[in-house]
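For this chain, numbers begin at 1 and follow the sequence in order.
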Amino acid sequence: MKSEALLSSLCDAASDPAQHFRLIDDLFSSVLEIRLTEASAASRHAASHVSKAAALLQRLPPTPLRFDLSYRHAWHGNGPGKLINFLNPGAMEGLESVPEQGSLAPQQFPSANALWERLTVVTKFSTLALRLAILVTDDPEPYRDVWVGIRGFLDFVSQLLDRICLPPEQMSPLLGTLDADCKDIVQAYLWSTWTRCSLLFFWSILNHHLRHGYDDYNLKDLTALRGPRMLLNPAIRGALHGQGNQSAPYMCAWAFNLLKEDRVGLSMDFRHFHRRYRDLHGQKPQRCLWESDHACVGDHPLDCGRFEDRRLVAAEQSVHACGQDTRQRPCRRLVWERESYVSIKGPVAVSTRRSATQNMITYTCATASTMAISHVWSHGHGGRPQTGMNSCLHERFSRIAEQHGCDSYWIDTLCIPDEHQLRNEAIGYINRIFADSKTVLVLDRDLMAIDVSNVTTARLETLFATFIVCDWNVRAWTMLEAMKGSHGLFILCKDESTISLRDMLITLHAEGRVDLISLGLAMRHLLPTTTDSFSRRASRVSMESGGSMLSHRHATRPGDDIVIWSLISNTGQVFYSAKDMWQASIGRTVRSAFLMSRTPRLTTVRGFSWAPETPYIRQPRAGEAPVQDRVSSHLVFEGADSEALRITGRGVEGLWMVYRVVLADESRYKECPVTALQMGENGRMERMVFPGHFVLNPCWRKAVELLNQHPEVALLHPKREGREQAYDFSGGRGQTQGQTFAICVSDDGERWFWKGIESWPRDMHPPPMSMDELLIA
C-alpha cells in the first residue's frame, strides 16, 4: 500500500472515536507486519516472551513527548473540539469540564499537554511496539540485518509523519481533504510508535556493545536515524526538548548540547535524565559564569567560563585527601626525582612503594599493573612533576591502586614534565599507557561527591545522569584517555568508593529506564572496543571522526588540539602542527562533507587552503559575532558516505556538486522574502510571507564580493559517494540549517582556492548544480 493511501486509510479508521485505536492499530500492524517479522525468525516465539517484553515496555516513558499537535481549537478560542472524543475513558477526570464551544475563554481550556497525556493513541502501546519489544528481548543479539530491517521500519514511519505534517498547501489532494482532527490523531499514533520503537532499537544496539565491545560498524550508520523532517529544524527540536525539561541551573548548557546534538539525540526523550540530575543538583547555583545568576548559553565552549576564566579554575593541588585544615598546617608536597624519572626506559608511572627519599616520588615502568588516572585539571589535581603533588593525594592514589591490584599509577601531574623532550616522549606514550592499564580512574568533583554506599537503581541513574554531563566528559584530553582506557573505567565517588562504568551501564541496561540508558550511545568513546590491549593501543578512528569528536570538546592549552587529534586518529604519529599533520596525509583521502565547517584553514600553506587548522571553531564570544554565526556554527562533521577526495601535493582533488556564479542570476538569488510560521484558520502551521520585506542572501553576497576580485567563483556542495546527487547532512548530523555551500575562487579555471562556507536561506531554492571534478589548492 502506498504511503498516501495508507495515511488516508488510517484517517478513515480514526473517524470512529469509539474504536479508533483498535482500527488504526489493526490496520497499521497488518500492513507493516512483514517489516518486522521477516527480519528474524525469533518472532516465532513471541508468545513465550510477552512478559519480558511487557517488563521492558514499562521502562519506557509513560507517554512520549507532545509532538506538534496544535490542538488548534484550544489555542484559538474554539474549545478542544472533537479531540475530547479520542481520550481514554475517564480521562477528563482531573481536567476542567469542557462546556459548549465558545463559552470559555482560551486560558480556561485544558492545556495541550493535559489533553495529549490522555489521548488513547498516546497512552496505549501499539502492536508494533509490543512486537519489537518481543523481538529484542527474545533475541538479545540479533543479526545486523535485523537491525537494518528495524531501521527501515523506523525510517518508513518517519516518512509517513513527514507527509501527514505537511502544510495544507503542500499536501496532495487526497490528504488535503481529510479531516484535520483525524490527521492529528494519526500523527499522534505514528509519533508515539516511532519514539517508543526508536528507544527499543537503541536499547538493543547498546546491548550488543555492552556484550562485545564498541563496534563502529554496528553503531555509526544504524543510529543516525532519518527522523521526521520537522525534527531537523532546531527551533522545533528546541521546543520539543523544552517540554518538562527544566534544566537545573547547575548543569552546563554546553555539556547538555553535546548530548542533545549527537546523532542519537534526534529521537531522545530527556525528561527522566533531567529529573535524575535535579535529584542531586537541583538546589545548586549555576557554575558556568563568574558572578552570574544564569548558566552559559551553550552555543560554544568558550561561552562557558569554566574552560578559560581563571576565577572559576581551582588552583593546582588545591584538592586534599587528608581531611586537615591545610590553611593552618600545609600538606607536604612530593616532587619528582628527576634521576629516577629519566632512568625508566619506556612509559613512566609512579610507584606505590614508599620512596627512600621522604619528599620525592619514585618512578617505575608503566605496565598492565598500572592504574591510569584521568582528571579535570581545573578541579585542583593539576600540577607538574617539579612542583609536585600533595602527599595525601599520593597516598590516596597508591591506596586505590593497590585495592585494584595495581603496583603503580600514572597521572599527568607527576608523569608529564615541562622539559620539551621529556614532555614529547611522555605524550607519545599516552595511548600505550591507557590502553595497557589495568584500571583507569576517573576524577571529577561532582562524581567524587556522590555517595554510593547504598547502591540502588535510582542512585545509579543519578550517577549516570551526572556522569554524562560532568566536566570530565566534555574535555579533549579526557576524551582521548577514555577512548584508550575504556576497558577499565572506574568512577571515583565519595569516601574513595569506586564504581565500574561498564558494570553501571550493564545494570542500568537491565533494570533502569530505557530512555536514560540509551543516552549511552551518545558516549561512544566510552564504550570498550576490545579486550586485547595491543588492539586498544593501536585502534584509531579516522581523521574525520577524530576531528568531529574534538570539535565538541575543548583543550585549554594552545596546540593541544592537534596533538590529541593526531593521537586519536589514524595518522600513525604525534603531530604538533596542523601543517605537518596534513602534509603527512598526502596520498590519503578526506571526506568532502568533513570540510564543510567554519573552522579556520591553512590559508598560508600552498595546496592546503582547504585544510582545517584546528577542529575547533574559534568564533567570537556571545554578543560579538553576527547572529547568523551564532546560530549556524557548522561544527566539524565526519561526513561519512560523502565523496572521498584525494590529498595531493598540489591540493585536494575530487568530485563535487558545483554551481558557477554568474551575475545574471542576481535577481533570483540576491534576496529572499521575509517569512514566518503562524497558525492558520484550519489550525495548521502555515508559512506567512511579509510583502515588501526581504533579507539578503549572505551566501550570494559573499560570492558576488569575491567575483569582483576573481574571474571565477563557484559554490560547492558535497556529493554522495558513488552517486550523482547532493549529500544530505541531516541524516548524520541530526539537524540542518538549510543548504550549506563552500565558496571557492579561481584565477585560471583549474586551481581553486577555499574561501569559507555560507548558509543558503531555507526559504529560497538553491541554484542548479552539476557534478564536476575540481582541484582545490
Side-chain angles (χ1 to χ4, degrees), residues 1-16 20-39 63-70 86 116 119-122 124-132 148-202 222 224-233 236-237 240 266-267 269 682-685 728 730-731 734 736:
M1 185 181 294
K2 292 185 178 180
S3 298
E4 289 195 356
L6 176 57
L7 289 172
S8 178
S9 298
L10 290 172
C11 288
D12 289 342
S15 63
D16 182 354
H20 72 282
F21 179 80
R22 181 181 63 80
L23 295 174
I24 293 173
D25 193 54
D26 286 350
L27 173 61
F28 197 57
S29 59
S30 65
V31 171
L32 294 184
E33 181 177 7
I34 191 171
R35 290 179 177 270
L36 292 183
T37 56
E38 282 197 350
T63 58
L65 288 165
R66 178 172 58 85
F67 174 67
D68 191 47
L69 204 60
S70 65
F86 295 93
W116 170 268
L119 284 174
T120 304
V121 292
V122 170
K124 286 190 174 183
F125 287 88
S126 67
T127 297
L128 288 172
L130 175 59
R131 189 176 294 154
L132 181 55
V148 171
I150 297 171
R151 176 176 170 170
F153 155 71
L154 291 170
D155 287 348
F156 179 73
V157 176
S158 68
Q159 290 171 10
L160 293 177
L161 278 165
D162 286 348
R163 288 184 176 273
I164 205 166
C165 292
L166 286 172
E169 68 274 10
Q170 297 180 24
M171 281 188 173
S172 67
L174 176 62
L175 296 182
T177 57
L178 296 175
D179 180 81
D181 283 303
C182 292
K183 284 191 284 191
D184 276 347
I185 293 302
V186 171
Q187 176 182 311
Y189 172 86
L190 294 174
W191 169 250
S192 299
T193 297
W194 186 81
T195 53
R196 285 167 173 153
C197 289
S198 295
L199 287 173
L200 294 173
F201 176 56
F202 288 151
L222 287 176
L225 295 180
R226 173 190 181 278
R229 288 291 174 183
M230 292 186 70
L231 285 186
L232 302 180
N233 184 317
I236 292 177
R237 287 181 66 192
L240 183 71
L266 183 68
S267 58
D269 183 338
N682 61 0
R684 292 274 177 180
M685 297 300 292
D728 181 8
S730 62
T736 181

Margin query: My understanding is that only one of I150, L199, L154 makes a side chain to side chain contact (heavy atoms under 4.5 Å, CB included) with L132; could you say which?
Written below: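 So, applying the side chain to side chain contact (heavy atoms under 4.5 Å, CB included) to L132 and each of I150, L199, L154, only I150 qualifies.
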Check: Please walk me through it: do C11 and D179 pass side chain to side chain contact (heavy atoms under 4.5 Å, CB included)?
Finding: CA-CA 8 Å; C11 288; D179 180 81; over 6 Å; no
Inter-residue atom distance [X].[atom1] - [Y].[atom2], 0.5 Å rounding:
X    : Y    : atom1 : atom2 : value
Q159 : L161 : CD    : CG    : 10.5 Å
S15  : L10  : OG    : CG    : 11.5 Å
R66  : S192 : CZ    : OG    : 12.5 Å
D184 : F86  : CG    : CZ    : 9.5 Å
F28  : L7   : CZ    : CG    : 8.5 Å

Over all heavy atoms of both residues, which pair between [X] and [Y] is shortest? Give the atoms and the distance, please.
X    : Y    : answer
R196 : T63  : NH2-CA, 4.1 Å
P64  : T195 : CB-OG1, 3.5 Å
L175 : R163 : CD1-O, 4.2 Å
R131 : S29  : NH1-O, 3.6 Å
V157 : W194 : CG1-CB, 3.8 Å
L200 : A129 : CD1-O, 3.6 Å

Would you mind reporting whether [Y] and [X] have side-chain heavy atoms less than 4.5 Å apart?
X    : Y    : answer
W191 : I164 : no
L27  : D12  : no
F201 : L225 : yes
F153 : T193 : yes
W116 : L119 : yes

Notebook entry, point to check: Does S9 reach the main-chain N or O of A5 with its side chain, forming a donor-acceptor pair under 3.5 Å?
Noted result: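 A pair under 3.5 Å: yes.
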Next item on the list: Could you tell me which residues satisfy side chain to side chain donor-acceptor pair (under 3.5 Å) with T127, sequence neighbours excluded, listed by chain and number?
Entry: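 Per chain and number, T127 pairs via side chain to side chain donor-acceptor pair (under 3.5 Å) with D25.
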Margin query: Once salt bridge (Lys or Arg N to Asp or Glu O under 4.0 Å) is applied, do any residues pair with D16, and if so which ones, sequence neighbours excluded?
Written below: none
Next item on the list: Using side chain to side chain contact (heavy atoms under 4.5 Å, CB included) as the criterion, list what pairs up with T120, not counting sequence neighbours.
Entry: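 Here the qualifying residues are H20, F21, N88, K124.
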